[in-house]
Amino acid sequence: MDISLFLFVGFSCFLLINGNKVEDCDYLTDKTSLQSFQVLLQAEQPYRTAYHFQSPQNWLNDPNGPMYYKGVYHLFYQYNPNSAWFGDGMVWAHSASYDLINWFGLDHALVPSEPFDAISCWSGSATILPGDKPVILYTGIDANYNQVQNLATPKNESDPLLVEWVKYFGNPLMTPPDGVKGDNFRDPTTAWQGPDGTWKVVIGSYSNNQGMAILFQSQDFVHWTMHRDPLYSSLKTEMWECPDFFPVSINSTNGVDTSVENPSVRHVMKASFNSHDYYTVGTYVTEQERFLPDADFTGTSLDLRFDYGKFYASKSFFDGKKNRRILCAWVNESDSMEDDLKKGWSGLQSIPRQIWLDLNGKQLVQWPVEELNSLRGNEVYVYDKQLESGSVFEVSGITASQADIEIMFELPKLEEAEFIDTGLVDPQLICEKQDASVTGKFGPFGLLALATKDLTEQTAIFFRVFRDHKDYKVLMCSDQKRSSLRNELDKTTYGAFIDIDPQREMVSLRTLIDHSIIESFGGKGRSVITTRVYPKLAIYDEAHLFAFNNGSLSVTVSRLNAWSMNKAQITAGGKTETISEDFSRKK
């Protein structure tokens, strides 16, 4: 029997068997039939994830307007309802959650319907105004393909699900200023309110050979004027997409509201360009409306990144429920556009991460939200296991294609580490040239994920430890070269140095494995690498997990804990039409 297609149309679905429609979704109400169908669907979709957010079909990209409102977490995201490719007609799809892990779909919040967003509703952000009033600022692609900034508000503020949204009749609020091309003006940030009550928002742009964050100000959130200078700009960057600007506490892991401005916080400026999310920590001088970074963007490997792998167009928000700042991002595919059509979908959202300023004040730390632990199932553990040179041991007893692993390594005899001048090298190039198969002294050691039993396929997440003129340096790599027997894939190797001292703390790694995505947090979240992999053989029960040491010096696994991960509950949303209204008449 050939079950060739499973179609969703709004909230209805049906099966095509041998080309004929034979059942609707009532067929799936029988538990045995549902389990059988899930097996058949699974066999055709080995790369769909179990606990990462993704739409049931079609193209997904940037997270938009995440927020916590009246007991509910909201995730809007860029979605093409017509194709597994990006194109015109992009909408704001909408899902809601009570725990950031399990999501239920709602009607699309914003769809193209007016001259100011006739082509597409692109990215933007949510802001909670005084009185607990949520609003959205978003980029509309107008009928002339210019990028303009628009306002939308909930039709019913008492609805915690915020199902219906109303576009402001007076849109657009902001249009490309002189010197900025119509296609270089997009992605408004969450707005913040200054001590004098003035609202401020940043728009990503490019002008005069500079990537920049253009600053707009308003007294009423409707009438906006551009500040004479950008909040921050850089000559060494391209067009800034999806900027983010927010405060972080200097003495706590707690998050703070976006409008907080006092001596106990510093500020973070983030911009998406060159296929990565870069950020810098600095000082916000409110009197001059200037951001003074500790280090300017250079457009090189010296810049800080949220993630050194696949992680783009991220958006953060302050979670007032738990006093934390949450970060999420789009993780795109590494196979071909033709593969996307065959799969019928493209794109994932990262696991939401809590972020805070490291104690050294130089960088951010990231860690999966604590709610993810609720999906942990069967656990295995290993303590004080020595890994001699060339050793590999399997971590058995868990579902290796759907797992959460934490591992800590102890390193004796650090004085024998190889020398390297880290100021002269690109960590990604080191990882590329000295991959998991190249023996050093301390390293490579780490994990082999989504591997076949004979290691024909494997994704290696590993460390190398060097010494330089002053101290020791820890390099983290994610090597996809042997991730799949398939050839038509992007198998880029990623790498980053981790700001830890291996003399004072163990080298640690937490890795989340979910069929075709691997998120790895090194040094307790000081460096993160996310990758997409598509093994041909190491899928489902044929996937294995190993710890390994290919260095010439032995290392000790002080502790390893690994869990099978249960499936998150993620359901699809539907369609809706948004209406326009003149808010000025309500005042």
Point to revise | Ser516 and Thr49, any side-chain heavy atoms less than 4.5 Å apart | key: yes
Check: [Y] main-chain N/O paired with [X] side-chain donor or acceptor under 3.5 Å:
X: Asn171; Y: Asn150; answer: no
X: Asp303; Y: Thr298; answer: yes
X: Trp330; Y: Leu60; answer: yes
X: Ser97; Y: Trp103; answer: no
X: Arg290; Y: Leu231; answer: no
X: Ser207; Y: Val180; answer: no
X: Asn208; Y: Gln210; answer: no
X: Glu114; Y: Tyr168; answer: no
X: Asp514; Y: His52; answer: yes

Point to revise | Distance, nearest 0.5 Å, that separates CG of Asp159 from CD of Glu164 | key: 8.5 Å
Is any NZ, NE, NH1 or NH2 atom of the basic residue among [X] and [Y] found under 4.0 Å from an Asp or Glu carboxylate oxygen of the other?
X: Asp490; Y: Arg532; result: no
X: Glu370; Y: Lys322; result: yes
X: Lys70; Y: Glu157; result: no
X: Glu261; Y: Arg266; result: no
X: Lys362; Y: Asp294; result: no
X: Asp117; Y: Lys167; result: yes

Practice item. Classify the ring geometry between His94 and Phe76 as parallel (under 30°), tilted (30 to 60°) or perpendicular (over 60°). Key: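 Aromatic pair His94/Phe76 classed parallel.
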Practice item. Report the relative orientation of the aromatic rings in Trp92 and Tyr138; use parallel for angles under 30°, tilted for 30 to 60°, perpendicular for over 60°. Key: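 Judged by the thresholds at 30° and 60°, the geometry between Trp92 and Tyr138 is perpendicular.
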Between [X] and [Y], do the side chains contain an N or O donor and an N or O acceptor separated by less than 3.5 Å?
X: Ser336; Y: Asp339; answer: yes
X: Asp277; Y: Ser272; answer: yes
X: Ser520; Y: Thr511; answer: yes
X: Tyr279; Y: Gln363; answer: no
X: Asp296; Y: Tyr232; answer: yes

Check your understanding: Who passes side chain to side chain contact (heavy atoms under 4.5 Å, CB included) against Lys321, sequence neighbours left out?
Key ->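 Result, side chain to side chain contact (heavy atoms under 4.5 Å, CB included) vs Lys321: Tyr68, Tyr73, Asp319.
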Point to revise | side chain to side chain contact (heavy atoms under 4.5 Å, CB included) partners of Gln219, counting only residues at least two apart | key: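 Residues passing side chain to side chain contact (heavy atoms under 4.5 Å, CB included) with Gln219: Thr198.
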Check your understanding: Do you know which of Arg353, Gln366, His276 makes side chain to side chain donor-acceptor pair (under 3.5 Å) with Asp307?
Key ->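 The side chain to side chain donor-acceptor pair (under 3.5 Å) with Asp307 is passed solely by Arg353 among Arg353, Gln366, His276.
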Review point. Step by step, would you call Tyr47 with Tyr534 a ring pair (Phe, Tyr, Trp, His ring centres under 6.0 Å)?
Key: CA-CA 7 Å; Tyr47 308 126; Tyr534 310 85; 5.2 Å; yes
Aromatic ring proximity [X]/[Y], centre distance under 6.0 Å:
X: Phe104; Y: Tyr98; result: yes
X: Tyr79; Y: His108; result: yes
X: Trp85; Y: Trp345; result: no

Exercise for review: Going by the ring pair (Phe, Tyr, Trp, His ring centres under 6.0 Å) test, name the single residue among Phe297, Tyr206, Phe245 that passes it with Trp240.
Suggested key: Phe297
Exercise for review: Could you please spell out the steps behind the salt bridge (Lys or Arg N to Asp or Glu O under 4.0 Å) verdict for Lys315 and Asp62?
Suggested key: CA-CA 8 Å; Lys315 187 70 65 178; Asp62 310 359; over 6 Å; no
Point to revise | Matching residue for Pro176 among Ile214, Asp183, Val148 - test: side-chain contact (heavy atoms from CB on, under 4.5 Å) | key: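 Of the listed residues Ile214, Asp183, Val148, the side-chain contact (heavy atoms from CB on, under 4.5 Å) partner of Pro176 is Val148.
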Practice item. Check step by step if salt bridge (Lys or Arg N to Asp or Glu O under 4.0 Å) holds for Glu333 and Lys343. Key: CA-CA 11 Å; Glu333 304 296 315; Lys343 293 181 302 187; 2.8 Å; yes
